[in-house]
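Presented below is the structure to which this report refers.
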Amino acid sequence: TPDDVDHLFATLNARHAREALHVTTDREAALQLEIWCISVSAQTDGAAHPLLRIEVGAGGQLDLVERHASAPDTPTLTNLALYLTLARDAQARIVRTQACDLRAQHQETLQIDLQSGTHCELVQITDGAAHARTTAFVRHSGRESRLRWASAALGRGTQVQDAYVHVDHA
């Protein structure tokens, strides 16, 4: 089914993720976080599957800079999964950049859950990789949750960069 296809890379990540980062903040806590994911070379199974889980407590604030890169002149395959949950009245400002080598393949699945009164601002810039794909599932699971998403894909030559964003209002 189309829904299964949209979740394909997240399913692969769940089965093969060896690298995981889990961050949970307390109620009303503020967190500034910068994360670098650097693909160095294709691993023995042919891919890297980093997993990021971030949960922001009620009334909390997250400032996240997430950077993705790869070693130069190295074929890499990255399959990232990011799960972000904002509890009631939490806020997040997120900047995501991807600047992989032109021999890299970069797939990512984002799942964002916005509960009541939350506000998420996300800026995403994709500049690199032979192929880059973002699949995002955003769920507004509470009243008055807001999402502002700005994205730029800076391709050149035969680069393929695309994004699929599914928004659900529960």
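For the atom pair CD1 (I54) and CG (L21), the distance works out to 6.5 Å, reported to the nearest 0.5 Å. Note that the CG atom of L110 and the CZ atom of F137 stand 10.0 Å from one another [nearest 0.5 Å]. One distance of note links OG of S70 with CD of Q105; it measures 10.5 Å at 0.5 Å rounding. The structure places CD of Q159 at 7.0 Å from CG of D127, a figure rounded to the nearest 0.5 Å. Rounded to the nearest 0.5 angstrom, L77 CG and H49 NE2 are separated by 7.0 Å. Once rounded to the nearest 0.5 Å, the distance linking CD of E66 with CD1 of I94 reads 8.0 Å.
Enclosure of atom CD in E121 by more than 12 non-hydrogen atoms of other residues, nucleotides or ligands within 6.0 angstrom is indicated.
When side chains are defined from C-beta on, R133 does not count as touching Q161, because their heavy atoms never get closer than 4.5 Å. W149 places a side-chain heavy atom less than 4.5 Å from the side chain of V138. Side-chain atoms of D162 and T134, non-hydrogen and from C-beta on, never get closer than 4.5 Å to each other. A heavy-atom distance below 4.5 Å is not found between the side chains of T25 and L62.
Clustering ILVMFWY residues whenever any of their side-chain heavy atoms sit less than 4.5 angstrom apart, transitively, puts V165 in the very cluster that holds L114. Follow the hydrophobic side-chain contacts under 4.5 Å out from V95 and you never reach I125; the two are in separate clusters. Hydrophobic clustering, with ILVMFWY side chains joined whenever heavy atoms are under 4.5 angstrom apart, groups I112 together with V167.
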_The test is side-chain contact (heavy atoms from CB on, under 4.5 Å); show your working for L84 and L64 and say whether it passes._
CA-CA 11 Å; L84 173 65; L64 172 65; over 6 Å; no
_Between R93 and Q61, is the side-chain contact (heavy atoms from CB on, under 4.5 Å) condition met? List the steps._
CA-CA 8 Å; R93 287 188 301 259; Q61 182 166 332; 2.8 Å; yes
*For side-chain contact (heavy atoms from CB on, under 4.5 Å), just list the numbers for T76 and D101, CA-CA rounded to whole Å, side-chain angles, deciding distance to a tenth of an Å, and then say yes or no.*
CA-CA 8 Å; T76 59; D101 184 78; over 6 Å; no
*Give the intermediate values and the outcome of side chain to side chain donor-acceptor pair (under 3.5 Å) for residues T78 and S39.*
CA-CA 7 Å; T78 303; S39 295; 2.4 Å; yes
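The shortest non-hydrogen separation linking R96 to H68 is NH2-NE2, 3.7 Å. The two residues L86 and C120 have their closest heavy-atom pair at CD1-CB, 3.9 Å. Of all heavy-atom pairs between A129 and A132, the closest is CB-CB, 4.4 Å. The nearest pair of heavy atoms linking G57 to A90 is O-CB, 3.6 Å. For the residue pair A87 and A58, the shortest heavy atom distance occurs at CB-N, 3.4 Å. A pairwise comparison of heavy atoms in A20 and H22 identifies CB-NE2, 3.8 Å as the closest pair.
Between the side chains of E55 and T85, no donor-acceptor pair is found at a separation under 3.5 Å. In this model, no donor atom of one side chain and acceptor atom of the other lie less than 3.5 Å apart for T118 and S145.
With S116 contributing its side chain and R143 its backbone, the two residues share a donor-acceptor pair below 3.5 Å. Between the side chain of Q115 and the main chain of H140, no donor-acceptor pair closer than 3.5 Å is present. For R103 (side chain) and D73 (main-chain N/O), a donor-acceptor pair under 3.5 Å exists by modelled atom type. Counting only distance, with no hydrogens or angles, the side chain of Q124 and the backbone of T126 share no donor-acceptor pair below 3.5 Å.
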Using a 3.5 Å cut-off and no angle test, enumerate the donor-acceptor pairs between side-chain atoms of residues 29-37 and protein atoms at least two apart in sequence or in another chain.
unit_1: E34; atom_1: OE2; unit_2: W36; atom_2: NE1; d: 3.2
unit_1: E34; atom_1: OE2; unit_2: R67; atom_2: NE; d: 2.7
unit_1: E34; atom_1: OE2; unit_2: R67; atom_2: NH2; d: 3.4

